[in-house]
Amino acid sequence: MNTVLNHDPAVFAVGNNYKIFVPVAEACLMWIRVGDECYYDHSNGVLRSAVTIHKITVPSEGLDKEKKYTVCYRKMIERKPYFSKTGDIEEIEYSFRPIEKLPIRIFQIADAHGMIDPPVGAAKKFEEEFGKIDLLVLNGDVINHSGAIENFDAFYSISSAVTKGEIPIVFSRGNHDTRGIYAESIEDYSPTDGGRSYFTFRLGPLWGIVLDFAEDKPDDHPEYGNTICAHAFRKEETAFLEAVTKKGKEHFDAKGIRLRIVISHAPFTKRCAPPFNIEEDIAAYWAKLLRERVSFDLMLAGHTHTLDISLPGSELDAFGQPCPLVIGSKPDVKQNTFIGSGVIMDKDETLVVFCDKNEIRRTAIIKNGEKNDE
Ligand SMILES: [Fe+2]
């Protein structure tokens, strides 16, 4: 394919929109056409070309209805104050499969720490055994740090190989993503809600909230060299959570919602050993808001590099889980291996699958407040 696209687009869900990110190898102007409507990558009416990743917001309703979109671009030959020179319009069409019904097949990749093939292989193994996935969750620490722009290519290498631009993705930030000079420019490289890394999303019958516990040690830890204010950030996020959990009709109790999910890199309801035992009061308060105000079906997390299924009240539940929690990523960067987690969510039961690229490691069913290994 002779194109400026480095990878297939990544169609991220944020709010009631898709934020479509398209990494490119050459300077170009870009827009996306859905039906008769065009959506542009622009800055206040000026088409952007000085970017390595284009980002375009498309309302979910239109794309869900059309089930296809066209990436349109013009190569930028010379950008000048007057009479800029650009190439002809080039177009690539993608089909799109929105989430419309249950069950929903989700594959989570967290903690890949820069690995590409092992997590992609795990997702493919899940698809081979259980059918095509409907949603990819990139749940933090997919990269090892944000100290080099090229690191972000891992997001798009993985998403392109798994989704081919044809299904939605939910992205959540991990603590490793907060490290390095480009961490402060997260909204240029990954989806946010107006720069905020915590947000809600709606995908047909699924409503979800992405929460970001940010760094995993106290803000004054020497490793951060005075660069972190995650306590203040979590307080802002608490205000967001308080507001969202009061608005059921707009969000989690809106017409057509049948399943509700929490996505968080850190399994913040689990107690950690020092120096990671931070902000337990905030963790408990977040859990209380989620538990008392919303009826969640599942929480997905990574971070601890373990494979756990924790039910409310079980030994891993220190702060009052709102629902069953699946912690599902086990990377081994030295061995270049990765175990990820697939979940198949239906109204009254969830099948949990842990697998690597070669084999299914474990499957379990969560139903009626119990889990049973198969
Ligand atoms: Fe982490």
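Both ligands and their constituent atoms are indexed starting at 1 by order of listing. Here, residue 1 is the first one in the sequence, and each next residue gets the next number.
- Between the CD1 atom of Ile327 and the NZ atom of Lys270 there is a distance of 4.5 Å, given to the nearest 0.5 Å.
- A heavy-atom distance below 4.5 Å is not found between the side chains of Thr163 and Val11.
- Within the 2.8 Å limit, His176 places no N, O or S atom next to the Fe ion (ligand 1).
- With a 6.0 Å cutoff to the six-membered ring centre and a 45° limit on the axis angle, Arg291 does not count as a cation-pi contact of Phe296.
- As for His303, its N/O/S atom nearest the Fe ion (ligand 1) is the one called ND1.
- Closest to the Fe ion (ligand 1) among the N, O or S atoms of Asp141 is OD2.
- Residues His303 and His265 meet the side-chain proximity criterion, which asks for heavy atoms closer than 4.5 Å.
- The OD1 atom of Asn175 and the NE2 atom of His265 subtend an angle of 90° at the Fe ion (ligand 1), given to the nearest 10 degrees.
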